[in-house]
Amino acid sequence: MDDVFLKIRGLKKHFGDNKVLDGVNLDVARSSVTTIIGKSGIGKSVLLKCIANLLTLDGGDIELDGQPIEHSRRGSKGSDAVTFSYMFQNNALFDSMTAAENVALPLLEASKLNKSEIRERVDAMLAHLGLSESSQRYPGELSGGMRKRVALARALITNPQVVLFDEPTTGLDPERKFSVFEMIADYRQRFGFTALLVSHDIPEVFEISDRVAWLDEGIIKFFGKPSELDADAESALSGFLSKANYGRSQGSKK
Amino acid sequence: MIRTFGRSALTVVHELGEITIFGAGAVRGFFNQRHRAAKLILATHEIGVRCLPIVAIVGLFTGLVMGLQLYYTLVKFGGESALGTAVALSLIRELGPVLTALMVVGQAGSAMASELGIQRNDEQIDALQTMSIDPRGYLVGPRLLAALFCFPMLTAVFDLIGIFGGYVTGSLLLHVDGGVYWHRVFESVSWADVLGGFVKAVVFGVVTMAICTYRGFNTHRKASFPGVRGVSESATRAVVWSSVMVLATDYLITSFLL
């Protein structure tokens, strides 16, 4: 693969005797969208959390832009430090802060921008995501779709180079799902970040994915373009995809 | 049995060590935060201002009861004129710091443990970490530092209102001479007594707030249950262990001070 930005080799994460990740290898190209699919509880979110340093690894290496990941996280002293963002499955918004305060938080606490610059950026981001009217409302006063958009705004406000999306469309109706996927694709094009996405929305998520990785039994068993899923699918993957309605929707398209 | 006792003792020592490292990390992390003054003011409001009414009420009733009890004890020896001394010294040296700490633990400590537990379960603490914000410095550090001056201040309020409560019972209801009561208060209380009370208050503040924040922050690791039950368990344990530690450290400090 050309221009590998995120390189994972032999990543292991165990919880007691449960080997959730048992030697994951994955190459993610720069400015691409890679979607991780797999059964519930198979370790997809664990993989994202290992990359985000929320969990310590039991083995293996993660490299970003050719550097061990420890040197690349935001907050490290190097001027070329890679910025990470994470959009959580349940949004992880602060209930006691308004939508605007939630979005401004990473800039207020971890950037050197002054207050007027921060306000400008937050207003622009909220306007892009159609949240200007709701900027002074608290998360509890927002609909599920709006909360997702606030979480997306917070994840993108720092202009990150890598964004990890943990099931960004959970609990949304099909229309909202589509609009969240559109936003991710749109912002990826606009800001050029590299996205790693965990999703169960098969096949909708394939529309914005450059690559798909199938995680099963602690390792990546398939990695390729969405169009290669049918041709290269081994029987277990076929079974998983047909249960996820992929085969049926593909068949109906044909 | 000896093995079980030994294991429990080791667990307690290990946990105390963890709490110390946790607290020290939080304070260190706080000094790397931006907008420190604003965070300290918020934490002071949470611990100091919000707890003021309950501390004042408990202080008043404690003083009222002490006035009553000590009067009936002292009158047996014809020493009711020493009521001011007895009330003031008991409150300033012992009851003020201890009861204030227990009240703040019940109000602010349990709220902190629950809030941090919910933030942990809701992944808000993880979110801070992904935003390169040190969660301990951001959430815990200001509370520990605010406790350093809120606890002595609240203790002072408790002591003053308690002494006034003793005066209300002793002089206004039981007709001990008011002038004698206040004279005995001023005569018997030394700066060493006041300082000793404040030392206790500071130690209780740091110990209890460290336990409460540690329990809440580590709900995912320490509670036996996940979710809401885990948060409730963290809050309960935070209050119970903080209260036990208040009494245990009180004994230790009193032994050194006397």
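Per chain, numbering begins at 1; letters A, B, ... match sequence-line order.
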Nearest non-hydrogen partners of Gln129(B) and Asn53(A), listed with the distance: NE2-O, 3.4 Å
Between CG on residue Asn90(A) and CD on residue Glu123(B), distance to nearest 0.5 Å: 5.0 Å
Rounded distance (nearest 0.5 Å) linking atom CZ of Arg154(A) with atom CE of Met131(B): 3.5 Å
Contacting region of Leu108(A) [heavy-atom separation from chain B under 4.5 Å]: both
Beyond-backbone contact of Phe88(A) with Gln124(B), side-chain heavy atoms, under 4.5 angstrom: no
Distance, nearest 0.5 Å, that separates CG of Asp134(B) from CD of Glu109(A): 11.0 Å
Within 6.0 Å of CZ in Arg190(A), more than 12 heavy atoms from elsewhere: yes
Those residues of residues 22-43 of chain B, ordered by number, that approach chain A below 4.5 Å (heavy atom to heavy atom): Gln33(B), Arg34(B), His35(B), Lys39(B)
Phe164(B) atom CZ: more than 12 heavy-atom contacts under 6.0 Å: no
Neighbour count >12 (heavy atoms, 6.0 Å) for atom CZ, Phe191(A): yes
Nearest-0.5 Å distance, CD1 of residue Ile125(B) to CG of residue Leu54(A): 11.5 Å
Heavy atoms from other residues, nucleotides or ligands near CZ of Arg221(B) exceed 12 (cutoff 6.0 Å): yes
Atom CD of Glu15(B) with >12 non-hydrogen neighbours under 6.0 angstrom: yes
Shortest non-hydrogen separation from Ala127(B) to Ala92(A) and the atoms involved: CB-CB, 3.9 Å
Residue pairs, two or more places apart or on separate chains, that pass salt bridge (Lys or Arg N to Asp or Glu O under 4.0 Å) and touch residues 200-210 of chain B: Glu94(B)-Lys200(B), Lys200(B)-Asp250(B)
Engaged part of Leu105(A) at the chain B interface, taking heavy atoms whose separation is under 4.5 Å: both
